[in-house]
**Q** 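Mind looking over this structure? Questions follow.
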Amino acid sequence: EDVVRIANRHMRQPEQIKLSQGYVSVHDITHGYYMINGMGRARDLVRVLQHEQPQSAIIFCNTREDTNLVASYLRQSGYKAEAISSDLTQKERERVMGEMKQKTLPFLVATDIAARGIDISDLGHVINYTFPESPEVYVHRTGRTGRAGKSGIAISLIGPRELGSFYMLKLIYKIKPEERTLPPPDPRKSTPLTDNTASTETPSPESAAAPVELTEAGHHPLEKIAPK
């Protein structure tokens with residue numbers, strides 16, 4: 001209403017363009033989700049990547065801190081991934097975006113603010129590492145795939161604290177995401193069996209065991225452990 005009032009005050013016969021809330025671009029996208037307990041989210045993300053086998057994806061996080069931690073965890077797991085946030089210089093941002101557009105960087109980890117203005121053609125997947133609180137943000141995130149009549153897939157990790165936001169999305173936009181089940185952990189897949197890897201070398205037993213040891217000790221894989 002404020003926008004309409006200002007337009008009428010400063011413009012002559014302004015035209016209005018309205019978008020139907022009942023049908024938005026999200027209906028042209030395949031939506032899926034995985035229920036998780038929220039304790040080993042980074043580990044579950046790797047299992048999702050192993051199961052879905054995306055060729056390219058933007059992985060969305062709700063906080064800047066999570067983007068760096070998730071990108072680092074993915075690289076430790078053998079995936080080539082970069083985080084993009086306000087911490088990057090313009091030169092670094094251009095380098096990362098250049099690699100993404102040239103398809104030499106398959107996975108970009110970003111916040112909603114950092115991803116503004118990003119336009120990547122033929123983006124196969126959008127993955128919500130953490131689910132957005134606003135349904136409109138979900139629409140903006142997932143709208144980055146499935147463009148120009150092409151197919152796209154949106155995957156979300158849903159923990160107990162995100163059920164409310166997830167329910168509101170389905171209620172408002174009439175989306176019916178498909179629930180998918182994570183396969184049991186396969187020790188033979190300690191590194192991803194795709195071309196989207198940062199290195200073909202097998203990680204050392206010490207580096208590969210570190211996240212597992214933290215998880216078994218009751219810690220989140222991304223949790224910072226204070227020195228004793």
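The model shown is predicted, which means the values in this text are computed figures rather than measured ones.
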**Q** Below 4.0 angstrom, N of the basic side chain to O of the carboxylate: do R41 and D44 qualify?
**A**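 Judged by the 4.0 Å cut-off on N to carboxylate O distance, R41 and D44 do not form a salt bridge.
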
**Q** Counting C-beta onward and ignoring hydrogens, is there a side-chain heavy-atom pair between F107 and I127 closer than 4.5 Å?
**A**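 SC-SC contact between F107 and I127 ruled out.
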
**Q** Is there a side-chain contact between I158 and L163, using heavy atoms and a 4.5 Å cut-off?
**A** yes

**Q** Assigning hydrophobic clusters by single linkage (Ile, Leu, Val, Met, Phe, Trp, Tyr; side-chain heavy-atom cutoff under 4.5 Å), is V137 placed with Y167?
**A**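 No, because V137 and Y167 fall into different hydrophobic clusters, even though each may have its own neighbours under 4.5 Å.
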
**Q** Would you say the side chain of Y34 lies within less than 4.5 Å of the side chain of H51, judging by non-hydrogen atoms?
**A**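 A side-chain contact under 4.5 Å exists here.
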
**Q** Rounded to the nearest 0.5 Å, what's the gap from CG on N68 to CD on E82? Could you check?
**A**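 Interatomic distance, N68 CG to E82 CD, rounded to 0.5 Å: 10.0 Å.
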
**Q** Is the shortest side-chain heavy-atom distance between Q50 and Y79 below 4.5 Å?
**A** yes

**Q** Who clusters with I118? Use side-chain heavy atoms, under 4.5 angstrom, across I, L, V, M, F, W and Y, and order the result by chain and number.
**A**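 I118 clusters with I58, F60, I84, L88, V96, M97, M100, L105, L108, I120, L123, V126.
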
**Q** Measure the OG1-CZ distance between T111 and R64 for me, rounded to the nearest 0.5 Å.
**A** 8.5 Å

**Q** Tell me, with the steps shown, if F131 and R161 meet side chain to side chain contact (heavy atoms under 4.5 Å, CB included).
**A** CA-CA 10 Å; F131 199 78; R161 296 183 179 181; over 6 Å; no

**Q** Identify the two heavy atoms, one from T130 and one from N62, that lie closest to each other, and give their separation to 0.1 Å.
**A**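 So the two residues come closest at OG1-N, 2.9 Å.
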
**Q** Which atoms form the tightest heavy-atom contact between A114 and S85, and what is the distance?
**A** CB-CA, 3.7 Å

**Q** Less than 4.5 Å apart, any side-chain heavy atom of I113 and any of S86?
**A** no

**Q** side-chain contact (heavy atoms from CB on, under 4.5 Å) with E133: which residues, sequence neighbours excluded?
**A** S165

**Q** So how far is it from M35 CE to L182 CG, rounded to the nearest 0.5 Å?
**A** 11.0 Å

**Q** Any side-chain heavy atom of L49 sitting closer than 4.5 Å to one from P54?
**A**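 Side chain of L49 against side chain of P54, heavy atoms only: contact under 4.5 Å found.
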
**Q** How far does CZ of R144 sit from CG of D119, to the nearest 0.5 angstrom?
**A** 8.5 Å

**Q** Using the test side-chain contact (heavy atoms from CB on, under 4.5 Å), find all partners of Q90 that sit at least two apart in sequence or belong to another chain.
**A**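 Applying side-chain contact (heavy atoms from CB on, under 4.5 Å) to Q90 gives R93, E94.
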
**Q** Which residues pass the side-chain contact (heavy atoms from CB on, under 4.5 Å) test with A154, sequence neighbours left out?
**A** I29, H31, Y138, T142

**Q** Which heavy atom in C61 sits nearest to a heavy atom in T67, and how many Å separate them?
**A**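 Of all heavy-atom pairs spanning C61 and T67, the closest is CB-CG2, 3.9 Å.
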
**Q** For E136 and S134, which I'm curious about, is there any donor-acceptor pair between the side chains at under 3.5 Å?
**A** yes

**Q** Y33: what forms a ring-ring contact (aromatic ring centres under 6.0 Å, His included) with it, not counting sequence neighbours?
**A**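 Once residues adjacent in sequence are excluded, the partners of Y33 under the ring-ring contact (aromatic ring centres under 6.0 Å, His included) criterion are F166.
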
**Q** Please examine the side chains of E52 and R180, heavy atoms only from C-beta on, and report whether any two atoms are closer than 4.5 Å.
**A**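 Heavy-atom side-chain distance check passes, below 4.5 Å.
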
**Q** For residues 100-112, which residue pairs qualify under salt bridge (charged side-chain N to carboxylate O under 4.0 Å, His left out), counting only residues two or more places apart or in two chains?
**A** D112-R141

**Q** How long is the gap from CG on L45 to CZ on R47, to the nearest 0.5 Å?
**A** 11.5 Å

**Q** Please check if atom CG in L171 has more than 12 non-hydrogen atoms from other residues, nucleotides or ligands closer than 6.0 Å.
**A** yes

**Q** Check whether any side-chain heavy atom of V109 sits under 4.5 Å from a side-chain heavy atom of Y129, and report yes or no.
**A** no

